[in-house]
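Accompanying notes for the structure given below.
Keep in mind the model is a prediction, meaning the values are calculated, not measured. Count residues from 1 along the sequence. The figures here come from the full heavy-atom set of this structure, side chains too, leaving out hydrogens, waters and symmetry mates.
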Amino acid sequence: MPLKIDHVTLLARSLPDSMAYYGALLPLIGFARVKDHIWTDGEGFYFQFMAAKGETRDYERYGPGMNHLGFAAPDVATVERVRAGMAAAGFAVPDIQQLGPVTALFMKDPDGVRFEISHTPAGVAPVD
């Protein structure tokens with residue numbers, strides 16, 4: 001049986017800036033805060049946020065490490081709702097993209113960590 005991912009820990013340059021961002025984003029995609037800096041989907045998966053150490057390099061687009069986290073939306077309306085919610089919270093949000101049949105929103109947190117919220121119609125292979 002394959003092991004499942006149970007958590008992701010993100011280190012933030014500014015924990016207050018990142019908590020404002022994720023405090024807006026995570027409820028829009030079904031996560032709830034269970035402790036300061038810890039959020040869950042209620043099914044055993046957690047995001048944990050901690051302060052990065054000083055003198056470290058910021059995220060680079062094609063450098064080693066995580067490129068982005070992708071979340072599957074059940075429909076296009078969810079992608080649109082997440083975009084509207086993040087814009088209403090005061091964050092810069094790019095336009096939604098149409099990648100063939102896939103509707104995708106690509107965002108960056110305050111440290112440049114990228115997130116994708118996308119809807120892939122049934123029967124279509126997901127886009128990387």
Side-chain angles (χ1 to χ4, degrees):
M1 172 196 326
L3 299 178
K4 74 173 200 161
I5 296 174
D6 70 350
H7 74 277
V8 170
T9 300
L10 295 175
L11 301 181
R13 179 84 44 222
S14 166
L15 203 50
D17 288 349
S18 289
M19 289 299 81
Y21 183 86
Y22 288 105
L25 173 64
L26 292 176
L28 291 170
I29 60 173
F31 285 78
R33 191 175 78 151
V34 293
K35 291 185 188 177
D36 284 345
H37 314 123
I38 299 177
W39 294 74
T40 185
D41 65 356
E43 296 183 16
F45 179 78
Y46 295 86
F47 276 111
Q48 173 183 359
F49 300 90
M50 300 169 63
K53 293 183 179 181
E55 306 298 321
T56 56
R57 290 175 43 142
D58 289 344
Y59 175 83
E60 295 181 26
R61 172 71 173 123
Y62 291 106
M66 185 180 73
N67 183 272
H68 72 276
L69 292 173
F71 293 90
D75 50 40
V76 172
T78 299
V79 178
E80 293 167 345
R81 181 179 53 78
V82 169
R83 184 183 188 285
M86 292 304 287
F91 296 101
V93 186
D95 291 334
I96 292 172
Q97 298 180 35
Q98 202 60 45
L99 306 171
V102 177
T103 302
L105 172 63
F106 296 95
M107 302 177 293
K108 292 189 288 187
D109 81 356
D111 291 313
V113 175
R114 290 163 174 81
F115 284 83
E116 173 187 351
I117 310 295
S118 61
H119 170 67
T120 302
V124 173
V127 174
D128 291 332

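Side-chain contact between His37 and Leu15 is present, with heavy atoms from C-beta onward closer than 4.5 Å. Side chains of Glu80 and Leu105 form no contact here, defined as non-hydrogen atoms less than 4.5 Å apart.
With a 4.5 Å cut-off between side-chain heavy atoms of Ile, Leu, Val, Met, Phe, Trp and Tyr, the cluster of Met50 takes in Leu11.
When all heavy atoms of Lys108 and Tyr21 are compared, the pair lying nearest together is O-OH, 3.3 Å. Minimum interatomic distance between Ile29 and Ile117 (heavy atoms only, all atoms of both residues): CG2-CD1, 3.8 Å. Heavy-atom minimum distance, Pro101 versus Val124: CG-CG1, 3.6 Å. Nearest approach of Met86 to Val93, heavy atoms of both residues: CB-CG2, 3.6 Å. Smallest separation of non-hydrogen atoms from Leu99 and Ala104: CD1-CB, 4.0 Å.
Of the possible polar contacts, one joining the Gln98 side chain to the Val102 backbone as a donor-acceptor pair under 3.5 Å is found. Between the side chain of Asp111 and the backbone N or O of Arg13 there is at least one donor-acceptor pair closer than 3.5 Å. Arg83 places a side-chain N or O within 3.5 Å of a backbone atom of Pro94 that can act as its donor or acceptor partner. Using modelled atom types, one side-chain atom of Arg81 and one backbone atom of Leu28 make a donor-acceptor pair closer than 3.5 Å. A donor-acceptor distance shorter than 3.5 angstrom exists from the side chain of Thr40 to the backbone of Phe45, with no hydrogens or angles considered.
Centroid-to-centroid, the aromatic rings of Phe115 and Tyr22 come within less than 6.0 Å.
Ring pair Phe49/Phe47 is parallel by interplanar angle, where below 30° counts as parallel and above 60° as perpendicular.
Side chains of Glu116 and His68: a donor on one and an acceptor on the other come within 3.5 Å.
Here the straight-line distance linking atom OH of Tyr46 with atom OG1 of Thr9 works out to 13.0 Å at 0.5 Å rounding.
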